[in-house]
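Chain identifiers are assigned alphabetically (A, B, ...) following the order of the sequence lines, protein sequences preceding nucleic acid strands; residue numbering begins at 1 within each chain. Computed over heavy atoms, backbone and side chain alike; hydrogens, waters and symmetry mates excluded.
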Number of protein chains: 2
Amino acid sequence: MTGYQHSSRILVALDCIIFGFDGEALKLLLIKRNFDPEFGKWSLMGGFLNADEDLHDAATRILFTLTGLQNNYLEQLQTFGAVKRDPVERTISVVYYSLVNIDDQDPLALKTHNASWIDLSNKPRLIFDHDQMVEAALRQLRYKAALYPIGFELLPEKFTVPQLQKLYEAIYNVKLDRRNFSRKIMATELLMGTGEKDLTSVTKKGQLFKLNKEKYQDYLNGYQSFLPEFTELSLS
Amino acid sequence: MTGYQHSSRILVALDCIIFGFDGEALKLLLIKRNFDPEFGKWSLMGGFLNADEDLHDAATRILFTLTGLQNNYLEQLQTFGAVKRDPVERTISVVYYSLVNIDDQDPLALKTHNASWIDLSNKPRLIFDHDQMVEAALRQLRYKAALYPIGFELLPEKFTVPQLQKLYEAIYNVKLDRRNFSRKIMATELLMGTGEKDLTSVTKKGQLFKLNKEKYQDYLNGYQSFLPEFTELSLS
DNA sequence: TAAAAATGTGTATGTTTGACACATAAATAG
DNA sequence: CTATTTATGTGTCAAACATACACATTTTTA
């Protein structure tokens with residue numbers, strides 16, 4: 001609601017949780033701060049909302065600054081607004097999370113911002129309430145990836161079924177049965193065979209697939225759900 | 001992220017989507033504005049964030065102002081931040097949604113604010129981007145009610161199984177099979193029989209149940225999901 | 001070249017969902 | 001007050017799905 005007598009104006013920040021996948025584990029793009037406040041500590045990438053900028057545009061800008069990427073999956077997560085969350089000044093932070101292909105981003109931009117990809121399992125303590133943000137983002141990723149096939153945003157354009165399985169095992173931190181997983185994925189009709197084989201990766205077997213874009217859109221639009229039984233794994 | 005050179009401070013509003021259930025249909029508590037701007041039009045209840053106030057506390061305050069209720073289910077939904085969403089001044093709005101027992105609230109507070117319960121199906125056009133907010137809230141309610149038994153927040157303390165079924169039919173806008181629904185609900189072990197029968201409502205039959213608080217907590221904590229097959233209905 | 005590991009396809013079993021039958025209790029119409 | 005209609009409570013069955021596991025083939029490694 002708006003239009004009431006104005007209360008005080010408040011600083012609006014954005015923070016981005018950036019997920020990647022290296023074939024084995026889920027990774028986060030984190031910053032070792034070479035600026036104040038909290039110099040030397042780890043944090044998420046963030047920035048402030050400009051007065052003439054849409055919220056989503058601001059998130060896109062911040063993501064672009066760090067990765068050089070522009071067309072990634074980017075979704076608003078939640079807004080954190082405890083009074084003392086930032087000890088320096090009262091600031092609320094609108095948090096976004098993004099899924100990127102870890103191989104695509106700009107290494108120079110990473111170096112400039114002193115950023116690196118960290119295994120989720122090795123995550124250092126982050127400043128302020130950033131740990132809570134990451135926790136919430138992981139929960140949201142787990143929920144969303146169960147109903148929509150957004151996991152593909154973390155993979156290269158072409159990938160094998162076992163690669164995809166490893167991704168889902170990393171997201172949900174479970175071991176899955178190869179045969180059942182394959183059958184289920186194939187039933188979605190989301191994959192199109194390329195005829196090629198994977199010659200690049202360490203494991204040089206397995207047929208390469210890519211996404212069927214139309215089917216993919218159908219799933220994103222919610223005409224059917226992706227792996228609904230995974231919602232069970234999304235809880236807690 | 002915080003601690004960068006400050007950009008401009010921005011007005012932070014909150015808007016509340018308040019859901020109720022009258023035994024037949026899902027309802028929204030809406031305001032016919034008797035103040036500017038947009039005098040005479042319908043909107044959500046809202047207000048501004050104070051500088052010394054946690055975000056969630058502000059939402060609680062706004063909900064209390066309108067309903068006189070304090071311990072309702074209240075969850076943050078999303079933050080709306082398009083530059084021109086409020087034509088008067090740049091304002092971002094953090095949106096919360098709440099589930100209340102429609103019989104519990106303070107009729108005086110409603111009158112004071114010119115608020116009334118409106119059937120979701122009869123919702124008038126709302127100001128600004130409030131229609132989008134309602135749409136997002138309904139989607140979130142549908143998702144959440146599938147995995148967690150939060151629907152009970154909309155019912156009185158004691159209720160019958162058919163009442164509960166009507167609620168879920170209203171939330172998901174579907175017709176459900178009485179026998180299958182009953183079986184499934186009973187399997188959750190969430191209901192405790194009171195031995196009483198419903199003598200108050202129009203329909204004077206059916207055993208009255210109340211929530212098993214411990215089981216309820218287990219479900220809220222995500223140790224198991226509530227009606228997972230409903231996630232299918234949450235999509236789109 | 002042989003052994004080990006990863007891959008692709010297939011089958012059987014238990015559980016869950018969704019469609020439907022029947023009996024009983026309560027409300028309504030005459 | 002009684003008959004009819006409506007709402008409620010419990011049960012059964014078949015189809016769909018999830019899970020567990022077997023086997024043959026290909027690729028990698030020793």
Side-chain angles (χ1 to χ4, degrees), chain A residues 23-24 145-147 155 158-170 172 174-210 219 224-235, chain B residues 23-24 146-147 155 158-170 172-210 219 224-235:
Chain A
E24 290 297 329
L147 297 183
L155 293 176
K158 299 176 184 175
F159 51 86
T160 66
V161 172
Q163 269 182 285
L164 185 63
Q165 180 177 340
K166 286 216 163 149
L167 171 62
Y168 274 83
E169 290 180 334
Y172 293 101
V174 290
K175 220 41 194 136
L176 299 172
D177 184 284
R178 201 164 32 90
R179 295 142 296 184
N180 295 334
F181 183 81
S182 172
R183 174 158 38 85
K184 215 171 296 187
I185 291 296
M186 288 309 171
T188 65
E189 299 181 21
L190 269 167
L191 301 193
M192 299 193 313
T194 64
E196 303 170 57
K197 287 240 168 179
D198 187 344
L199 303 171
T200 57
S201 87
V202 188
T203 154
K204 309 189 178 36
K205 1 178 187 185
Q207 197 192 341
L208 281 170
F209 291 91
K210 55 182 182 179
Y219 276 94
Q224 49 199 319
S225 66
F226 183 48
L227 302 168
E229 69 278 12
F230 281 44
T231 51
E232 300 280 339
L233 305 175
S234 310
L235 306 180
Chain B
E24 290 297 329
L147 298 183
L155 293 176
K158 298 176 185 177
F159 51 86
T160 66
V161 172
Q163 268 181 288
L164 184 63
Q165 179 177 341
K166 286 215 161 147
L167 170 63
Y168 273 83
E169 290 180 335
Y172 293 100
N173 195 29
V174 289
K175 215 55 189 124
L176 298 173
D177 184 284
R178 199 163 33 88
R179 299 147 288 186
N180 295 334
F181 184 80
S182 172
R183 172 161 41 90
K184 216 171 294 188
I185 291 295
M186 287 310 170
T188 64
E189 300 182 17
L190 268 167
L191 302 192
M192 300 192 311
T194 63
E196 304 170 57
K197 288 240 167 177
D198 188 343
L199 304 170
T200 58
S201 87
V202 188
T203 154
K204 305 186 181 38
K205 1 179 187 182
Q207 197 194 342
L208 281 171
F209 292 91
K210 55 182 182 180
Y219 276 95
Q224 49 198 320
S225 66
F226 183 48
L227 302 169
E229 70 278 12
F230 281 44
T231 50
E232 298 282 338
L233 305 174
S234 310
L235 306 180

With the criterion being N/O to N/O and under 3.5 Å, what pairs connect the protein with nucleotides 15-20 of chain D, and how long is each?
{"from": "dA18(D)", "atom 1": "OP1", "to": "Glu229(A)", "atom 2": "OE1", "distance (Å)": "3.3"}
{"from": "dT19(D)", "atom 1": "O4", "to": "Arg183(A)", "atom 2": "NH2", "distance (Å)": "3.0"}
{"from": "dA20(D)", "atom 1": "N7", "to": "Asn180(A)", "atom 2": "ND2", "distance (Å)": "3.1"}
{"from": "dA20(D)", "atom 1": "N6", "to": "Asn180(A)", "atom 2": "OD1", "distance (Å)": "3.2"}

| said: Could you tell me how far apart Tyr168(B) (OH) and dG18(C) (C1') are, to the nearest whole angstrom? | reply: 19 Å
| task | May I have the distance from Ile185(A) (atom CD1) to dT9(C) (atom P), rounded to whole angstrom? | result | 14 Å
| said: Going by salt bridge (Lys or Arg N to Asp or Glu O under 4.0 Å), name the residues that satisfy it together with Arg178(B), two or more places apart in sequence or in a different chain. | reply: none
| said: In whole Å, I'd like the distance from the CG atom of Leu176(B) to the P atom of dG9(D). | reply: 16 Å
| said: Tell me the interatomic distance from Lys166(B), atom NZ, to dA7(D), atom C1', rounded to whole angstroms. | reply: 10 Å
| task | Measure the acute angle between the ring planes of Tyr219(B) and Phe226(B), then classify it against the limits of 30° and 60° as parallel, tilted or perpendicular. | result | perpendicular
| query | Quick one: Gln207(A) CD to dG8(C) C1', roughly how many Å, whole number? | reply | 10 Å
| message | Once side-chain hydrogen bond (donor to acceptor under 3.5 Å, both in side chains) is applied, do any residues pair with Lys166(B), and if so which ones, sequence neighbours excluded? | response | Glu24(B)
| query | Quick one: side chain to side chain contact (heavy atoms under 4.5 Å, CB included) partners of Met186(B), sequence neighbours excluded? | reply | Val161(B), Ser182(B), Leu191(B), Phe209(B)
| Atom-pair distance (CZ on Arg178(A); C1' on dA24(D)), nearest Å | 12 Å
| said: Output the rounded distance in Å from CG (Leu208(B)) to P (dG9(D)). | reply: 10 Å
| remark: For Phe181(A), the ring-ring contact (aromatic ring centres under 6.0 Å, His included) test, sequence neighbours excluded, returns none
| field | Integer-rounded Å distance: dT9(C) C1' and Gln165(A) CD | value | 15 Å
| remark: salt bridge (Lys or Arg N to Asp or Glu O under 4.0 Å) filter on Arg183(B), not counting sequence neighbours, yields none
